[in-house]
Amino acid sequence: MNDDALTPTYGSRWCSESIPKYRLPDSPLLPETAYRIVMDELNLDGNPALNLASFVSTWMEPEAEQLFMHGATRNLVDQDEYPQLNVIEQRIIRMQASLFNAPDNGEPVGFSTVGSSEAIMLALLAHKWNWRTKRKTQGLEYNRPNIVFGADVHTCWEKFARYFDVEMRRIPLQPDRYTINGVDVLNHIDENTIAVGAVIGTTFTGQMDDVVDINEKLIHYKHLTGQEIPIHVDAASGGFILPFVAPEFPWDFRLEQVRSINVSNHKFGLVYAGLGSVIFRDKQVLHKELPFSINYLGGEMKNYSLNFSRSSAMLLVQYYQFLRLGKDGYQRIMHQIMANARYLEKKLIEQGNFELLTDVKFLPVVVVRLLDESRYTVFDLSDQLRKFGWIIPAYTLPANASSISVLRMVVKENLSRDLMDKLLQDIHQSINVLSNWAGNRPENVPEKDNASHGVC
Ligand SMILES: *Cc1c(COP(=O)(O)O)cnc(C)c1O
């Protein structure tokens, strides 16, 4: 008799037998059994709410989660079948273009992407094509393009250089300066430079490249040489912070040379992982041969992306967040996050074991180093904190600041003051445990190598 349907989930034979892991199982499982098996595997992972390593949102309202499920069944690329999705996508793009101060007399264009990485590649590709077209028209050689950015960029910039065959000119950091400025840029550009990258909120320290200065120097360079070099601003994390906590600070399309901007909606846009945006200052910046017209799904539509089919879930929840929160809502949340980050910073300093690498000024990223690294390191501390469930990455900075090891905490909206007090207690206790090693590193604690890990 087959009584599978009556067997309690954990009474089924799958609890005492292994399921195949590298070939398709021969027979089906009950839905609840399959669900439990998957969930139990997830339980082995860290808790997203305690993951201070990632910038990516881990909380949304139930209404947003409901919309998420509706979006999951609608393929975003089927613009002819779901024309309203395209309307919503364009509204989101226009709202962001206006948030980033696109000029009133221009026609900003943009696209939603899987994240900032895709957005950055699409933007830089457009700059590469524009550069090449200009060189061709001028009868100049056009096969040695280069891109200039600091060593403080996210790996996706290097990915672009490698995948799209562009020479990478990476400006090294200094042992006491972890961002780049206009003079750094001037020393690396030439007639083959397709674009200069400026990061608004680096993943390493949360600081900003001096984009105002870079803009000025590039304008000066334009007057001297006649060569126009665009800036692409990587505002993956800063794009939804600065407009609300420092609206007067010009980092966006208010700067003349800024031609394109990317943002990760799944960071401080407050949606789950899977949405970014690329915005071009004006439709002319997007080389006309790059967007594809697609007609085989019925109707004609424009597509500029590296992927094709994609869920529209993220787009719907981003639209929900924009309507739900409005400017005022985002402002309140961002001010709260910043206040909490400053609180964490202050309390950590009071504990007496740390110094700040940088001040929390515009981004809620707390980066500290140990005052005394002789007995234990930030890597040991990161491991200890893991025992309390906290995921807090330790890593070394990029060249030429790689002698500096730091601990980084990204403060997101779900890190309430109470949770933060608990974190501070756990840090205090971890330090006590480590101090009691008294110079004798236990046998089972490996000396960490210097590779950065968990930085995303
Ligand atoms: C997170 C991040 C990226 C990559 O963004 P994804 O949305 O994860 O692809 C790029 N640049 C910066 C500065 C980032 O913080």
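All heavy atoms count here, side chains included; hydrogens, waters and symmetry mates do not. Whatever order the structure lists them in is the order used to number ligands and atoms, beginning at 1.
In the vicinity of Gly115, heavy-atom distances shorter than 4.0 Å reach the ligand 1 atoms 7 (O), 9 (O). Per-residue contacts place His266 under 4.0 angstrom from the following atoms of ligand 1 (heavy atoms of the residue considered): 6 (P), 7 (O), 8 (O). Atoms of ligand 1 lying under 4.0 Å from any heavy atom of Lys267, numbered from 1 in the order shown and given with element: 1 (C), 2 (C), 3 (C), 5 (O), 14 (C), 15 (O). Near Thr203, the atoms of ligand 1 lying under 4.0 angstrom from a non-hydrogen atom of the residue are 14 (C), 15 (O). Under a 4.0 Å criterion applied to the non-hydrogen atoms of Val199, ligand 1 contributes the atoms 13 (C). In the vicinity of Ser117, heavy-atom distances shorter than 4.0 Å reach the ligand 1 atoms 4 (C), 5 (O), 6 (P), 9 (O). The ligand atoms of ligand 1 that sit less than 4.0 angstrom from a heavy atom of Gly201 are 13 (C).
Donor-acceptor pairing under 3.5 Å is recorded for the side chains of Ser305 and Asn303.
Atom CE of residue Met314 and atom CG of residue Leu76 lie 11.5 Å apart, to the nearest 0.5 angstrom. A distance of 9.5 Å separates CD1 of Ile337 from NZ of Lys412, quoted to the nearest 0.5 Å. Between the CG atom in Asn146 and the CH2 atom in Trp131 there is a gap of 8.0 Å [rounded to 0.5 Å].
Taking distance alone, with nitrogen or oxygen atoms compared against 3.5 Å, Ser116 approaches ligand 1 more closely than that limit.
Ring to ring, Tyr272 and Trp59 are not that close: their centroids are 6.0 angstrom or more apart.
Proximity of Ser264 to ligand 1, defined as any heavy-atom pair under 4.0 Å, is confined to the side chain (atoms from C-beta onward).
Within a 6.0 Å radius of CZ in Arg417, more than 12 heavy atoms belonging to other residues, nucleotides or ligands are found.
In terms of modelled atom types and a separation under 3.5 Å, the side chain of Thr377 and the main chain of Phe379 share a donor-acceptor contact.
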